[in-house]
Structure formats: structure tokens, C-alpha cells
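What follows is a short report on a single structure.
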Amino acid sequence: MIDLSVSLEEFSKAYVSRLRRLLGQMDDRDCDALVLSLGADLPWLTGYQAMPLERLTALVIRRQEQPVLVVPALEEPRVESHGDLFRIRPWQEWEDAYEIVANAVAGCREVGISDRTWAASLLALQVKSNARFFPASHITKSLRSVKDRVEQAMLAEAAKRTDVVAKAIMDGEVRFVGRTEREISLEIGERLLAEGLEKVNFSIVGSGPHSASPHHEPGKRVVGAGEAIVCDFGGEFRYDGSAGYCSDITRTVVTGDMPDRFVELYSILQTAQSRQVAMVRAGVTCESIDYAGRSYIEEFGYDQYFIHRTGHGIGIEEHEEPYIVAGNADLVRAGNAFSVEPGIYIPNLYGARIEDIVIATADGCELLNNVERELCQVE
Ligand code: ZN
Ligand code: ZN
Ligand code: ZN
């Protein structure tokens with residue numbers, strides 16, 4: 001079982017241990033420095049998430065020195081100081097931040113820069129530095145994809161709060177018939193916020209023929225009787241001073257009786273998803289989990305309608321490593337957190353998806369979402 005209790009003090013300890021592991025990876029890979037700007041690497045390491053401004057924020061990490069956070073002076077008050085972790089170098093509006101970062105990596109040959117850094121920032125740095133820049137994810141992805149105790153507790157908390165909303169849907173507390181997808185989507189979002197999530201990342205409501213479009217943008221369509229509705233939503237949970245961790249769940253409901261073919265399709269999907277969840281444990285390949293569901297769906301001739309991968313890792317980002325997809329022979333590791341979300345979509349007719357988040361363990365997995373998966377009729 002995942003220990004759900006986590007204190008802010010444990011966060012500080014977790015950051016220190018993540019930095020230690022990161023420095024170890026840099027040594028192994030002969031990486032002279034890391035420049036962490038936008039994206040999840042920085043909050044993973046420090047709890048601080050840079051705003052996606054044009055002004056440069058970057059944590060510069062060199063192997064033998066204390067890391068330095070180069071941050072716009074006006075953003076400095078938002079930075080929680082972690083004296084043991086990094087020092088702060090605020091820069092004023094009239095200074096050249098690229099010069100400061102280029103100086104901080106002076107003499108370095110191989111410099112990892114976080115993948116989500118603005119291209120404009122990297123281009124400006126390349127003008128001022130002789131270093132060869134490569135994606136920091138080469139160093140960070142294997143570390144970030146294995147969630148430590150603190151991160152597991154955060155993901156579990158995010159999932160638990162999201163489950164409350166999914167359960168309300170399955171229990172018929174959310175009205176569907178006669179309302180637009182947009183209205184329902186907004187209600188789901190409000191409910192997520194009421195459960196204490198910091199923000200709503202997405203709230204997909206695809207009704208009738210729209211249920212066959214996996215990432216449908218909820219619109220003006222009014223939900224009628226006898227339709228399938230795919231509801232896929234998630235948000236972010238965080239404590240003050242911590243990075244936010246994401247939730248992501250999908251449930252499909254119906255408004256009244258459906259054709260036999262849909263009922264059959266749904267039960268195939270449900271079995272496929274539970275077979276996939278049962279496959280999860282450390283040491284299996286990512287693609288074998290995909291195959292466990294896809295091959296079952298194929299037995300019934302629906303494989304051509306399962307048009308996306310089975311799942312994605314989840315953490316500070318909604319989608320991150322590892323990806324549960326054909327061709328990914330990477331082995332699942334204990335502590336990997338990812339979605340298991342097969343779907344079957346018959347174009348212009350109807351579709352269904354079931355999605356849960358799991359955390360892999362040595363001999364199985366911890367299921368973070370625990371809302372029923374039976375086909376529920378709602379009104
Ligand atoms: Zn998706
Ligand atoms: Zn989802
Ligand atoms: Zn997902």
C-alpha cells in the first residue's frame with residue numbers, strides 16, 4: 001500500500017536525494033552541466049515552477065559546484081529558498097540573462113538543457129556559449145519516471161480526489177441529457193476544484209458520435225437519450241511550495257439502452273483493460289502491456305478501432321515517460337506511474353474508453369483509481 005502521509009519536510013529531503021541521483025547520472029554520462037528552464041525537470045528538483053515568460057529562468061547545475069538559479073528579480077519572491085539545494089542569482093531587467101547563464105557554463109563541453117526550454121532561449125545561449133547542448137531528458141527521464149515515496153503519495157492524493165468526481169458521474173449525480181457537452185465539462189471541472197485540486201488540466205466530454213473522437217473538444221452538442229458519453233478529466237494536486245502532480249481518469253457512461261453491439265464492445269474493452277492492469281509489474285516490457293489488451297480486442301475484430309497507445313506516464317506532467325505503446329521494449333520499473341486506457345472507437349457512431357492510473361511494484365501494481373468500471377446508465 002502507498003503511504004499517503006507526506007510532510008513538507010519530506011519534500012525537502014526528497015529534493016536533496018533527487019539532486020544526488022541527478023549528479024550521479026551526470027557523472028555516468030559525462031554531462032558537464034545541466035540548464036533546467038521551463039518544463040517539469042526544475043519543479044521535480046526544487047519545487048519551483050518557472051512561469052512560461054519570455055524572461056529566462058534557469059537552474060544551472062555543474063558537477064562540483066552548488067547549483068545556481070538564475071531568475072528574473074521580479075520572480076524571486078516566488079522562489080522558496082532551499083539554501084542546501086541551490087543559491088539564487090536574481091537578474092535585473094537591464095542585465096543580459098543569457099550572458100549570466102553562458103558564464104555559468106563556461107568551460108563546459110556537454111550541456112543538457114531541459115526539453116521544454118523556449119527555442120529562442122537555446123538559440124540565444126548558443127550564440128554566447130561554445131558548449132554542445134543536448135536534451136536534458138537524456139539524463140532526467142529515467143530518474144523522473146521512477147516515482148519516489150513523496151511523489152507516489154502526491155499522485156495517490158490527486159487520484160483519490162479525482163475519483164470522487166468520477167464516482168459522482170457513475171452514481172448519476174451529474175445530469176447529462178438535455179445539457180451541452182460544454183456545460184457538463186464545466187461542471188466536472190468545478191467539481192474537481194471543489195475536491196481541492198489546484199487546477200483543471202482538461203475535461204473531455206464526448207457524446208454520441210463525438211464519443212468516437214478520443215480527444216474531443218466539448219462543444220455545443222446537446223446530449224440526448226441512448227448515447228454513449230466518454231468523460232476523460234484530470235487536474236493537478238499540490239501543497240504550497242510543492243510541484244503539482246496530475247490526475248487522469250476516463251469513464252464511459254450511457255444515457256439509456258444501447259444497441260447490443262455497443263454493449264458487447266464495452267464488455268470487450270472492460271476485459272481488455274483489466275487484463276492490461278493485471279499484466280503490470282516490474283520487469284515486463286511496456287509494449288507487452290499494450291499487447292495484452294490489443295490482442296484481446298483483436299480476437300473480436302475491433303483492433304482497427306483501437307487507434308491510440310495504451311497509456312502514458314504521469315507525474316508533474318500529464319504525459320511523460322514511460323509510454324505504453326507497441327515498439328517500446330523498455331522494462332517497467334517499480335515506481336513507474338502510468339495510465340492504462342484502451343479505447344474502441346467506431347467512427348461517427350460511438351466509442352468507449354476506460355482509464356486508470358497505476359503505479360508498478362515488484363510483483364504487480366497499485367491501482368490509484370478505484371471507481372467502478374461497469375457500464376453505468378445515467379440521465
Ligand atoms: Zn488522451
Ligand atoms: Zn485521460
Ligand atoms: Zn491519459
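Order of appearance sets the numbers: ligands from 1, and atoms from 1 within every ligand.
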Does His319 bring an N, O or S atom to within less than 2.8 Å of the Zn ion (ligand 3)?
no

Looking only at N, O or S atoms, which one in Glu341 sits nearest to the Zn ion (ligand 3)?
OE2

Out of the N/O/S atoms in Asp248, what is the name of the one closest to the Zn ion (ligand 2)?
OD1

Is the closest basic N to carboxylate O distance between Arg191 and Glu195 below 4.0 Å?
no

Between Asp356 and Arg251, does at least one N-O distance fall below 4.0 Å, as a salt bridge requires?
yes

Compare all side-chain heavy atoms of Ile307 with those of Pro214 and state whether any distance is below 4.5 angstrom.
yes

Mind checking whether His215 and Phe202 have ring centres under 6.0 Å apart?
no

Write the atom name of the N, O or S atom in Glu355 that is nearest the Zn ion (ligand 2).
OE1

Do we see a donor-acceptor contact under 3.5 Å between the side chains of Asp41 and Ser114?
no

In Asp232, the N, O or S atom nearest to the Zn ion (ligand 2) is which?
OD1

